Amino acid sequence: MRKPTEEQQAILESNARIRVVRAVPGSGKTWLVAELIRQELSKWPTRNSGVAALSFTRVGGGEIRKAVGHELGHPHFVGTIDAFLFRYVVRPFLQNCFPSLAAPRLIPSAWGAEHWGNYQQNLKAANDQGINLFGCVFVDEINGKAVIAHKPRYTPRLQRLGNKESANVKKAKLEMWKQSGRLTHSDAALWASKILGHETLGSLVRAEIIRRFPLIIVDELQDTGYFLGKSILLLLEECAVRGVVVGDPDQAIYEFTGARPDLFNRFESIAGAVSLPLPSSRRCPTSVATTASFLKDSGGSISVANCNMGKTFLVRYSDLAKDIPRVVDAAVKGQSTITLKVIARQTSTVTTLIGRSAKPVPKLGCPTLNHMYRAVVMFNQGRQVSSLAIARSALDLLIFEYEGVEDGDLEKHGIDPMSWKKLAADCLLRACSEMAIGNVYDWQTKVGEILDQEFSKFGFAQPLQFTPGKLKPKKINDWDKACADYLPQGDLQTNKLVDIPVQTVHGVKGETHDVTIFVCPEPRKVQHCPSIVWWSENEEGREEKRIAYVAMTRAQGDLIVCVSEACYQRLSITRPQFVASFECLTVEQFIAQTRRLEKPRVATN
């Protein structure tokens, strides 16, 4: 059994009602959370109440289960904060507290709701401003009123709506909640906070949740949105509950979903809360910790508590698509046992590196076929979960005229949910096998025929809104362009990264790599260059800094940061100390001096 560090032991032995743990990357927080749970379960007194172990993502919940070593069944709960609040707060109590609303139905999030088609034309009210109701996020509140933001097309960040647009969206959402009960995850978080804070019934709801879960543990607190955080805060402010919240505000990188890195201050202000830091990394070598400290949003340095060997390289390239595979090849040469990943800020950079980039396809007047196009693109780019979710949405839209059809609704129409999912997978695989020959209109027409064939074979128990031949694209919006231009068809024979994992920074959060290669593309505008944006004091720049910080702290061995020649020159002028923390090389120099990388002796998450 692993022996805890002095810092971890202090947290395990603390009698504070609320323990707030700020943990640097690689400090062993996942192990700590698991050990806390193991110790609690060894003396848990009853089968009528349990531990709630919550994380922001499903991956986080999986990591907790893995670290504990077994599945936690009833009466305990391990999962996302969203799932916990919907299951135990929103679904059972929404209509008791707010009788005018319909029974709540949570919209699946495997594929971003902001891409969904209009539900009853998005109830029209917000559609006039080009705002998708499903893509709006509740990010804050001012004077007790929720603040709404949305992400305009082709922009990376949320933008808060003006007073008029916000009022229209709220009115349209309220109508949707009354008519159908459909809630996005952001909607559900808002209503959870309203239920728990309800003037007359809130105290009763809080008491019932606390009776059921007298210990609440929250991992990755920094990624929690405002209303998710407020809901947990309302529970932990009750004196009858104990709580442990763990995370690192310097790793808050989900602000595009409304996450707030300032949550720690709110939790540390709870009566009975004690701050217990984990400031020492058991993952990062001294070289990586030194470099990453320049990007630590809260300031200060990272302590190192290991003997890992590793170096940091700043490699400047001329041609990203051609040079990065050469850097990767040099880094892995002769090293069959190391864990190496290539990571980038944007999905577009990932698809460029793996040779699977694609242009947005012209819309030809058939939302179902447009969905199937997106599903094929994502499948070819290796994003299978999202791909299948989009294909499922395409079938939902075709038959039921809205996405997110629940299993209960399928069963009411005599459809087995698993058969429905298999139908989506079959349609997707056949669409993926369709050759990219001809123009966009030709390709969509063939995919429409595939769906006709699969639906005809499916055999519905009840008559539904499906007519063979109904799926027809229109000759509009560049319909005659070559479909090969819009479907990623990378050449696996020449792609040197085909066997190397290439992911976004968000996709590798929480991971540890022997070698991390962080690729920064040359920005289209100078003001977006890392030399500027990583040290900007505006919110966008601070988030970009935190994303880079997360990227660099995945390494327990060598860290290789790849930048363009122009970016390197700017960094050398504006951030000479940061540059001096690396061994700076050209691609040719890096390849020439590549040594056999040693696998680090210590590997701790």
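Keep in mind it's a predicted model, so treat the numbers as computed, not measured.
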Report summary line: Residue set satisfying side chain to side chain donor-acceptor pair (under 3.5 Å) with Ser564, at least two apart, ordered chain then number -> Glu522
Query raised in the report: Side chains of Arg283 and Thr512: donor-acceptor distance under 3.5 Å anywhere?
Result: yes
Report summary line: Closest non-hydrogen atoms of Ser281 and Cys284, given as atom of the first, atom of the second and distance, are OG-N, 3.0 Å
Query raised in the report: By salt bridge (charged side-chain N to carboxylate O under 4.0 Å, His left out), which residues pair with Asp396, not counting sequence neighbours?
Result: Arg392
Report summary line: dist His528:NE2 -> Trp534:CH2 (nearest 0.5 Å) comes out at 14.5 Å
Query raised in the report: Residues in side chain to side chain contact (heavy atoms under 4.5 Å, CB included) with Arg575, at least two apart?
Result: Trp535, Leu571, Phe578
Query raised in the report: Quick one: side chain to side chain contact (heavy atoms under 4.5 Å, CB included) partners of Thr347, sequence neighbours excluded?
Result: Thr351, Arg383, Thr504
Report task. Using a strict 4.0 Å threshold on nitrogen-to-oxygen distance, state whether Arg38 and Glu35 make a salt bridge. Result -> yes
**Report entry** Point-to-point distance, once rounded to the nearest 0.5 Å, from CG of Leu559 to CE of Met552
**Finding:** 6.0 Å
Query raised in the report: Asp248: what forms a salt bridge (charged side-chain N to carboxylate O under 4.0 Å, His left out) with it, not counting sequence neighbours?
Result: none
Requested in this report: Indicate whether any N or O donor in one side chain lies under 3.5 Å from an N or O acceptor in the other, for Thr339 and Lys341.
Outcome: no
**Report entry** Donor-acceptor under 3.5 Å (Gln381 side chain, Arg356 main chain)
**Finding:** yes
**Report entry** Salt-bridge present (Arg326, Asp329; N to O < 4.0 Å)
**Finding:** no
Query raised in the report: At their closest point, which heavy atom of Cys483 faces which heavy atom of Ala436, and how far apart are they?
Result: SG-C, 3.3 Å
Query raised in the report: Mind checking whether Gln222 and Leu263 have side chains closer than 4.5 Å, heavy atoms only?
Result: no
Report task. With sequence neighbours left out, write down each residue that passes salt bridge (charged side-chain N to carboxylate O under 4.0 Å, His left out) with Asp478, or none if nothing qualifies. Result -> none
Requested in this report: Using the test side chain to side chain contact (heavy atoms under 4.5 Å, CB included), find all partners of Ala551 that sit at least two apart in sequence or belong to another chain.
Outcome: Ile343, Val505, Phe518
Query raised in the report: Do side-chain atoms of Ser293 reach the backbone of Ile302 as a donor and acceptor pair under 3.5 angstrom?
Result: yes
Query raised in the report: Does atom NZ of Lys446 have more than 12 heavy-atom neighbours from other groups under 6.0 Å away?
Result: yes
Query - Atom pair OG1/CD of Thr291 and Gln577 - distance to nearest 0.5 Å - result: 12.0 Å
**Report entry** Ring centers of Phe590, Phe313 separated by less than 6.0 Å
**Finding:** yes
Query raised in the report: Using a distance-only test with no angle check, is there a side-chain donor-acceptor pair under 3.5 angstrom linking His513 and Thr516?
Result: yes
Report summary line: Correct closest heavy-atom pair for Asp558 and Lys311 would be OD1-N, 2.8 Å
**Report entry** Counterpart residues, side chain to side chain donor-acceptor pair (under 3.5 Å), relative to Ser419 (two or more places apart)
**Finding:** Asp416
Report task. Would you kindly say whether Asn538 and Ser536 are connected by a side-chain donor-acceptor distance under 3.5 Å? Result -> yes
Requested in this report: Verify, without hydrogens or angle tests, whether Tyr373 (side chain) and Tyr486 (backbone) share a donor-acceptor contact under 3.5 angstrom.
Outcome: yes
Query raised in the report: Are Arg22 and Asp250 within salt-bridge range, i.e. N to O under 4.0 Å?
Result: no
Report task. Could you list the residues that satisfy side chain to side chain donor-acceptor pair (under 3.5 Å) with Lys422, not counting sequence neighbours? Result -> Asp426
**Report entry** Results of ring pair (Phe, Tyr, Trp, His ring centres under 6.0 Å) for Phe84 - residues two or more places apart only
**Finding:** Phe77, Tyr88, Phe213
Query raised in the report: Under 4.0 Å between a Lys/Arg side-chain N and an Asp/Glu carboxylate O for Glu511 and Arg554?
Result: no
Query raised in the report: Partners of Asp442 by side chain to side chain contact (heavy atoms under 4.5 Å, CB included), sequence neighbours excluded?
Result: Asn439
Report task. Could you check if a side-chain atom of Leu423 sits within less than 4.5 angstrom of a side-chain atom of Leu395, using non-hydrogen atoms only? Result -> yes
Requested in this report: Using the test salt bridge (charged side-chain N to carboxylate O under 4.0 Å, His left out), find all partners of Arg542 that sit at least two apart in sequence or belong to another chain.
Outcome: Asp297, Glu539
